[in-house]
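Beneath this line is the structure, given in structure tokens, with notes to follow.
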Amino acid sequence: FFQAEDGIRDYKVTGVQTCALPISFVSGIALALLVSLSGPAQAQEEKKMTRDEYVALMADLQQRQGAADQQIEALNGQIEDLNGQVSACDLAIADLNDQILTHVEATTNEVAAFGKRLDAIASQLEGLLALAPEVLIQRRGEAKALAAEIADMKGDKMAALPEMADKLSKIDALLEQIRARIAQPVTVDYMVERGDNLWNIAKKESVYDDPYMWPRIYRANKEAIKDPDLIYPEQKLAVPFGVAENQYLVTRGDFLFKIAAEVYNDASKWHKIYEANKVQVVEPHLIFPAQVLEIPSN
């Protein structure tokens, strides 16, 4: 670089265009930097707090602290009052619980045990619902026993407690689902054992738990059973369970009047069932267990 007579310095770099800056411009930038650096220091010196300002600030802080202390004292009073109300509510709740226990004629432990038993039954029913349809049907006796236990528990005064009522409502829904699944038509295989006959097979709890239902097994296996009184060991029989939605399985004690009252909610409509099943119902007042009746839509 070099200095020319006109006061301009030329900077030359190979491959870069020449840049020329006046010396006065560079000097101006340096002066501006010095002013900017010295400015904050001067401002700090000018902002030094006087004694009077310090005293006034302390007085203001003390006044604010006093106001805050008063607010804290007032809030502590309110908290103490609220704690008293909470204690009163706790006593009222405890008294109410004692009255409830007296009314249901049970202790706290008895109520807890009642609730635990309901929870256990609900879990057991959920387990049954998880089974395959044919397995569920074979274990329907378990569901029937649980339903009977629930019916007995509903007679207990503890069943009226809101918490127990909610549990029982859930259990009723589970039982209804199980009944619906059991009612769906499904067929399972049965291997005849030595000494078996259709009467005894139908009597087994894992089958129908009713010997009078033997004709259903016979009708389902007419091609394999030529004589209902003659079956053989290791003979495989199809055992049907459930019926279609528009059908009704006759059991002991049924008659058309009763069936109509159940399916139509109107016993006088028994003749509709009779007309739809004339082939197998010869006499309107004579039907037999294991008959599957067609139920016309209402």
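All values below were derived from every heavy atom in this structure, side-chain atoms included, with hydrogens, water molecules and symmetry-related copies excluded. Heads up: numbering here begins at 1 and tracks the sequence.
When atom types are taken as modelled, the side chain of Asp152 and the backbone of Glu149 share no donor-acceptor pair closer than 3.5 angstrom. In this structure, Gln62 contributes its side chain and Ala59 its backbone to no donor-acceptor pair below 3.5 Å. Here the side chain of Glu110 pairs a donor or acceptor atom with the backbone of Thr107 at under 3.5 angstrom. Here the side chain of Glu142 pairs no donor or acceptor atom with the backbone of Leu136 at under 3.5 angstrom. Remark: side-chain polar atoms of Asn221 are not paired, donor with acceptor, to backbone N or O of Leu237 under 3.5 angstrom. Looking only at distances, a side-chain donor or acceptor of Ser123 sits under 3.5 Å from a matching main-chain atom of Asp119. With hydrogens and angles ignored, the 3.5 Å screen pairs a side-chain donor or acceptor of Arg181 with a backbone N or O of Leu131.
Closest of all the heavy-atom pairs between Ala159 and Leu168 is CB-CD1, 3.6 Å. Residues Gln280 and Gln291 come closest through the heavy atom pair O-NE2, 3.1 Å. Closest approach of Ala260 to Lys269, counting heavy atoms only: CB-C, 3.9 Å. In this structure, Pro240 and Thr187 approach most closely via the heavy-atom pair CA-OG1, 4.0 Å. Between Leu198 and Trp214, the closest heavy-atom pair is O-CB, 3.4 Å. A pairwise comparison of heavy atoms in Phe288 and Val250 identifies O-CG1, 3.2 Å as the closest pair.
For the pair Tyr208 and Phe241, the minimum side-chain heavy-atom distance is below 4.5 Å. Contact check for Glu245 versus Ile295: no side-chain heavy atoms found under the 4.5 Å cut-off. Counting heavy atoms from C-beta on, the side chains of Asp156 and Phe114 come closer than 4.5 Å. Side-chain contact between Tyr248 and Glu262: present, with at least one pair of heavy atoms (C-beta onward) separated by less than 4.5 Å. Between Leu230 and Ile225, the closest side-chain pair of non-hydrogen atoms is not below 4.5 Å. Side-chain contact check for Ile201 versus Tyr190: some heavy-atom pair is nearer than 4.5 Å. By the 4.5 Å heavy-atom criterion applied to side chains, Ile287 and Ile259 are counted as neighbours. When side chains are defined from C-beta on, Leu128 counts as touching Leu125, because their heavy atoms get closer than 4.5 Å.
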* **side-chain contact (heavy atoms from CB on, under 4.5 Å) evaluation trace for His103 with Lys157** => CA-CA 8 Å; His103 181 72; Lys157 291 183 178 181; 5.7 Å; no
* To do: For the pair Val188 and Val135, evaluate side-chain contact (heavy atoms from CB on, under 4.5 Å) and give the outcome as yes or no after the intermediate values.
  => CA-CA 9 Å; Val188 299; Val135 179; over 6 Å; no
* Derivation and outcome, side-chain contact (heavy atoms from CB on, under 4.5 Å), residues Ile273 and Val263 -> CA-CA 10 Å; Ile273 302 175; Val263 299; 4.2 Å; yes
* Asked: Can you check side-chain contact (heavy atoms from CB on, under 4.5 Å) on Val186 and Ile137, steps first, answer last?
  -> CA-CA 9 Å; Val186 64; Ile137 286 175; 2.6 Å; yes
* To do: Would you please test Arg64 and Asp69 for salt bridge (charged side-chain N to carboxylate O under 4.0 Å, His left out) and show each step?
  => CA-CA 9 Å; Arg64 290 165 64 183; Asp69 290 340; over 6 Å; no
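A distance of 8.5 Å separates CD1 of Ile171 from NZ of Lys167, quoted to the nearest 0.5 Å. To the nearest 0.5 Å, atoms CG (Asn83) and CD (Gln78) are separated by 12.0 Å. In this structure, Glu80 CD and Asn76 CG are separated by 8.5 Å, a value rounded to the nearest 0.5 Å. From Met164, atom CE reaches atom CG of Leu118 across 6.5 Å, with rounding to the nearest 0.5 Å. With rounding to the nearest 0.5 angstrom, the NZ atom of Lys236 is 5.0 Å from the CG atom of Asp189. Here Lys258 contributes atom NZ and Asp254 contributes atom CG; the two are 5.0 Å apart, rounded to the nearest 0.5 Å.
Counting non-hydrogen atoms of neighbouring residues, nucleotides and ligands closer than 6.0 angstrom, the CD atom of Glu205 reaches no more than 12 such neighbours. Within a 6.0 Å sphere centred on CD of Gln85, other residues, nucleotides and ligands contribute more than 12 heavy atoms. The local environment of CG in Asp60 is crowded, with over 12 non-hydrogen atoms from other residues, nucleotides or ligands closer than 6.0 Å. Atom CZ of Phe257 is surrounded by 12 or fewer heavy atoms from other residues, nucleotides or ligands within 6.0 Å.
Hydrophobic clustering, with ILVMFWY side chains joined whenever heavy atoms are under 4.5 angstrom apart, groups Tyr54 together with Leu57. Residues Val192 and Val239 fall within the same hydrophobic cluster, defined by Ile, Leu, Val, Met, Phe, Trp and Tyr side chains chained together at heavy-atom separations under 4.5 Å. Under a hydrophobic clustering in which Ile, Leu, Val, Met, Phe, Trp and Tyr are joined whenever their side-chain heavy atoms come within less than 4.5 Å, directly or via other members, Met58 and Met49 fall into the same cluster.
Salt-bridge check for Glu275 with Lys272: failed, with every basic side-chain N at 4.0 Å or more from each acidic carboxylate O. A salt bridge is defined here as a Lys NZ or Arg NE, NH1 or NH2 lying under 4.0 Å from an Asp or Glu carboxylate O, and Asp166 with Lys170 fails to meet this definition. By the 4.0 Å N-to-carboxylate-O rule, Asp196 lies close enough to Lys204 to be salt-bridged with it. Ionic pairing of Asp210 and Arg252 is present here: one or more N-O contacts between side-chain nitrogen and carboxylate oxygen are shorter than 4.0 angstrom.
Below 30°, between 30° and 60°, or above 60°: for Tyr212 and Trp199 the angle between ring planes is above 60°, a perpendicular geometry.
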